[in-house]
Amino acid sequence: TPTGKALKYTKTGLGSSACLVTSLLSSVALHLDPSVAPEELFELSQAAHSAAQGKVGSGFDVSTAVFGSHVFRRGGRQEPFEVPKKWRVLLGDVKGGSSSSGMSRKVLAVK
């Protein structure tokens, strides 16, 4: 910052770091080479995000930032799920966010 003081912010915990890295790197890459493919943008963004978070994470947030929403299926054939129109989807902000990389490390330590 111009004053040299750190900015205070509320971490959202909704892939905001992946979105920031992807947006920044994609804008620079597309400025330098407008023909760069989305797959290249993903590889570049995932490498930078992985390095920043200590090589922990699935990459789903970066992939979603580059390609859009995903449907994840584990095992056999499954039909897409649609949320009924009368349902409401709510998100909550806990006013502090969480450290995805820190939580991932704790889960890996249990294994």
Side-chain angles (χ1 to χ4, degrees):
T1 66
T3 63
K5 294 182 181 178
L7 295 175
K8 291 184 179 182
Y9 67 96
T10 301
K11 186 177 182 318
T12 64
L14 297 172
S16 55
S17 60
C19 188
L20 175 66
V21 167
T22 301
S23 298
L24 177 63
L25 292 178
S26 294
S27 63
V28 171
L30 288 167
H31 176 74
L32 297 173
D33 179 7
S35 66
V36 66
E39 291 79 8
E40 292 177 273
L41 296 174
F42 169 73
E43 293 294 330
L44 177 64
S45 299
Q46 178 59 19
H49 191 255
S50 179
Q53 291 204 335
K55 299 189 182 208
V56 176
S58 66
F60 273 103
D61 48 359
V62 174
S63 182
T64 300
V66 173
F67 299 109
S69 62
H70 296 302
V71 175
F72 177 74
R73 295 182 183 101
R74 184 180 299 245
R77 182 177 166 86
Q78 298 177 4
E79 296 300 318
F81 173 76
E82 289 188 29
V83 176
K85 290 186 182 201
K86 62 182 176 180
W87 286 15
R88 289 191 301 176
V89 178
L90 303 174
L91 298 175
D93 182 358
V94 295
K95 287 278 189 183
S98 60
S99 169
S100 300
S101 58
M103 289 190 309
S104 296
R105 282 190 188 88
K106 287 179 183 178
V107 169
L108 292 173
V110 173
K111 288 185 174 182

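Computed over heavy atoms, backbone and side chain alike; hydrogens, waters and symmetry mates excluded.
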Task: Non-hydrogen side-chain atoms of Thr22 and His49 separated by less than 4.5 Å - done: no

Task: Common cluster, Leu41/Val21, ILVMFWY with side-chain heavy-atom separation under 4.5 Å - done: no

- [ ] List the atom of Ala65, the atom of Cys19, and the distance in Å for their closest heavy-atom pair.
- [x] CB-CA, 4.3 Å

Task: Backbone N/O of Ala37 and side chain of Glu40: donor-acceptor pair under 3.5 Å - done: yes

Open item on the list: With rounding to the nearest 0.5 angstrom, report the OG to CG distance, Ser17 to Asp61.
Closed with: 6.0 Å

TODO: Answer yes or no: is there a donor N or O on one side and an acceptor on the other, between the side chain of Ser27 and the main chain of Leu24, under 3.5 Å?
DONE: yes

Task: Where Pro38 and Val66 come nearest, the two heavy atoms and their spacing - done: O-CG1, 3.5 Å

Open item on the list: Is there a path of hydrophobic side-chain contacts, each under 4.5 Å between heavy atoms of I/L/V/M/F/W/Y residues, joining Val28 to Leu44?
Closed with: no

